[in-house]
2 protein chains.
Amino acid sequence: MSNVTTNFNDRTVEYEQLLNDFKQLLKKNNLKFTIQREVILETLYNSDEHLTPEALHHLIQEKYPELNTGIATVYRTLSLLEDSHVVTSLSFGAQGKKYELGAKEHHDHLICTECGKITEFVDEEIEKRQQAITKELGFKMSDHSMQIYGICKECQEKAK
Amino acid sequence: MSNVTTNFNDRTVEYEQLLNDFKQLLKKNNLKFTIQREVILETLYNSDEHLTPEALHHLIQEKYPELNTGIATVYRTLSLLEDSHVVTSLSFGAQGKKYELGAKEHHDHLICTECGKITEFVDEEIEKRQQAITKELGFKMSDHSMQIYGICKECQEKAK
DNA sequence: ATATCTGCAAAGATTTTGCAGGATT
DNA sequence: AATCCTGCAAAATCTTTGCAGATAT
């Protein structure tokens, strides 16, 4: 099972692609390409974490203080990106929503309800079963998301 | 693989059990068993949905208006229940946190993006894989949620 | 030149907290 | 009787919105 044409394994090309898609999306909706929007996309791309709007804003303020990006712009851009399915949001036990780029390879989430840590994983078996189930029910799948909640190894040990 | 002792398949007994566990929990922490706390537990138990604090409060106000339960009590009780791992909170993309009893059988969702219909399903294969994955990573699973988005059979036919 | 964006600050929403009277142990 | 709970309302957070100047097309 190979998929040579889609997997460049080259982060620069990958980001260029993402950025281009984003520009296209904006153009199609008569929206403008601004430095703030680019910086938000880039910061999400370069983060391995699931970011809260506040954390994202903070990162941007640190890296590009001269832009003086407002938190309102972060919220507005995240909504835009979520509506367009470019990012997805998650939330767990603690408070607030967290965002991540949806363009990354598909993966599911293991979420610790004690410390909030999110671990990503991909399981071929599960992906296959999902396709089998939807096919069986005549459902045309466009997307899916899965979260497993529980307590991570570290927090279990701490509790002892 | 049988598990005769734990599966009564009798909702009344199941609820009694849950309620007893809850009472024990309260006693152990020098907390008091109040009518509001019971009603909150019961309403969560009887709901098939994942409820927001507001929705839960609304249901309770409708069913037991004479209690005049305050939203603050709902929040306080949900925190208590969540800290004790009796309920888990999660969020499905849209806004706000949603709560459900952790004791319920797992179920996944097939969501039609055209008509909004939600179909629940359980798949043994997926359940097994989830357990295998969490075990492998030393993670203690309490709950999971999975949503598959797409277009249901009926809507596909309508579109023709 | 026009339409959209942005930061700011104010408004809305959501969640938490202090307090005084009420309920449970 | 002592302790904990509750509803209420105020406070603290989190998110959205209106506006006037700035920026992208």
Side-chain angles (χ1 to χ4, degrees), chain A residues 19-20 22-43 50-58 60-62 64-84 87 89-99 116, chain B residues 19-20 22-43 50-58 60-62 64-84 87-99:
Chain A
L19 190 58
N20 271 340
F22 185 42
K23 285 182 181 172
Q24 296 260 335
L25 175 77
L26 293 172
K27 188 168 284 176
K28 211 166 64 183
N29 293 49
N30 289 324
L31 302 174
K32 290 173 181 176
F33 180 70
T34 65
I35 182 71
Q36 287 86 352
R37 285 177 175 166
E38 170 161 20
V39 161
I40 289 169
L41 186 73
E42 186 214 279
T43 306
H50 297 68
L51 298 172
T52 60
E54 204 192 333
L56 180 55
H57 180 236
H58 192 250
I60 290 168
Q61 284 293 60
E62 265 186 351
Y64 306 99
E66 74 282 6
L67 289 181
N68 194 29
T69 309
I71 187 80
T73 297
V74 172
Y75 274 105
R76 282 184 285 230
T77 303
L78 284 174
S79 294
L80 167 64
L81 290 172
E82 187 166 27
D83 289 348
S84 318
V87 304
S89 71
L90 289 178
S91 113
F92 56 88
Q95 74 201 54
K97 250 200 267 191
K98 293 187 170 184
Y99 292 82
Chain B
L19 190 59
N20 271 339
F22 185 42
K23 285 181 181 172
Q24 296 261 333
L25 176 77
L26 292 173
K27 188 168 283 177
K28 211 166 65 184
N29 292 54
N30 291 324
L31 302 174
K32 289 172 182 175
F33 181 70
T34 63
I35 182 70
Q36 287 85 351
R37 285 176 176 166
E38 169 161 22
V39 160
I40 289 168
L41 187 72
E42 186 215 278
T43 306
H50 296 69
L51 297 173
T52 60
E54 203 193 333
L56 180 54
H57 180 235
H58 192 250
I60 290 169
Q61 284 292 60
E62 265 185 352
Y64 305 99
E66 73 283 5
L67 289 180
N68 194 29
T69 308
I71 186 80
T73 297
V74 173
Y75 274 104
R76 282 185 285 229
T77 303
L78 284 173
S79 294
L80 167 64
L81 290 172
E82 185 165 28
D83 289 347
S84 317
V87 304
T88 33
S89 74
L90 34 112
S91 142
F92 292 80
Q95 73 201 56
K97 248 201 269 190
K98 294 185 175 179
Y99 293 80

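Closest to the side chain of A/R76, from the set C/dT15, D/dT25, D/dG18, is D/dG18. Residue A/R37 has its side chain nearest to C/dC5 when only C/dT25, C/dC5, D/dT3 are considered. Candidate nucleotides D/dT17, D/dC8, C/dT15 were compared by shortest atom distance to the side chain of B/P53, and C/dT15 ranks first. When distances run from any side-chain atom of B/T69 to the nucleotides D/dT25, C/dG7, D/dG7, the shortest one goes to D/dG7.
Here C/dG12 presents its P atom at 17 Å from CD of B/E54, a figure rounded to the nearest Å. When rounded to the nearest whole Å, the span between CD of A/E38 and C1' of C/dT4 equals 18 Å. Rounded to an integer number of Å, the gap from CD of A/E66 to P of C/dG7 is 12 Å. Counting to the nearest Å, the C1' atom of C/dG7 and the CD1 atom of A/I40 are 12 Å from each other. With rounding to whole Å, A/L26 atom CG is found 18 Å from D/dT23 atom P. Rounded to an integer number of Å, the gap from A/K28 NZ to D/dT25 P is 17 Å. Protein atom CG of A/L78 is 16 Å distant from nucleotide atom C1' of C/dC5, rounded to whole Å. The NE2 atom of B/H57 sits 16 Å away from the C1' atom of C/dA13 (whole-angstrom rounding).
The base of C/dA23 lies outside donor-acceptor range of the side chain of B/K32, with no N or O pair under 3.5 Å.
The closest side-chain heavy-atom distance from B/T73 to B/T34 is not below 4.5 Å.
In terms of heavy atoms, B/L51 sits closest to B/T43 at CD1-O, 4.5 Å. The shortest heavy-atom contact between B/T77 and B/R37 is OG1-CG, 3.9 Å.
Within a 6.0 Å radius of CD in B/E38, other residues, nucleotides and ligands contribute more than 12 heavy atoms.
Side-chain nitrogen and oxygen atoms of A/N30 include none within less than 4.0 Å of the OP1 or OP2 phosphate oxygen of C/dT2. Look at B/T34 and you won't find any side-chain N or O under 4.0 angstrom from OP1 or OP2 of D/dC4. OP1 or OP2 of C/dG7 sits under 4.0 Å from a side-chain N or O of A/Q36.
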For this session: Using the side-chain contact (heavy atoms from CB on, under 4.5 Å) rule, take A/F22 and A/L25 through it: C-alpha gap first, then chi angles, then the decisive distance, then the call.
Result: CA-CA 5 Å; A/F22 185 42; A/L25 175 77; 4.3 Å; yes

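Counting any heavy atom pair closer than 4.0 Å across all strands shown, A/I71 reaches no nucleic acid atom.
Closest-nucleotide positions on DNA chain C for B/I35 and B/A72 were compared, and the one nearer the 5' end corresponds to B/A72.
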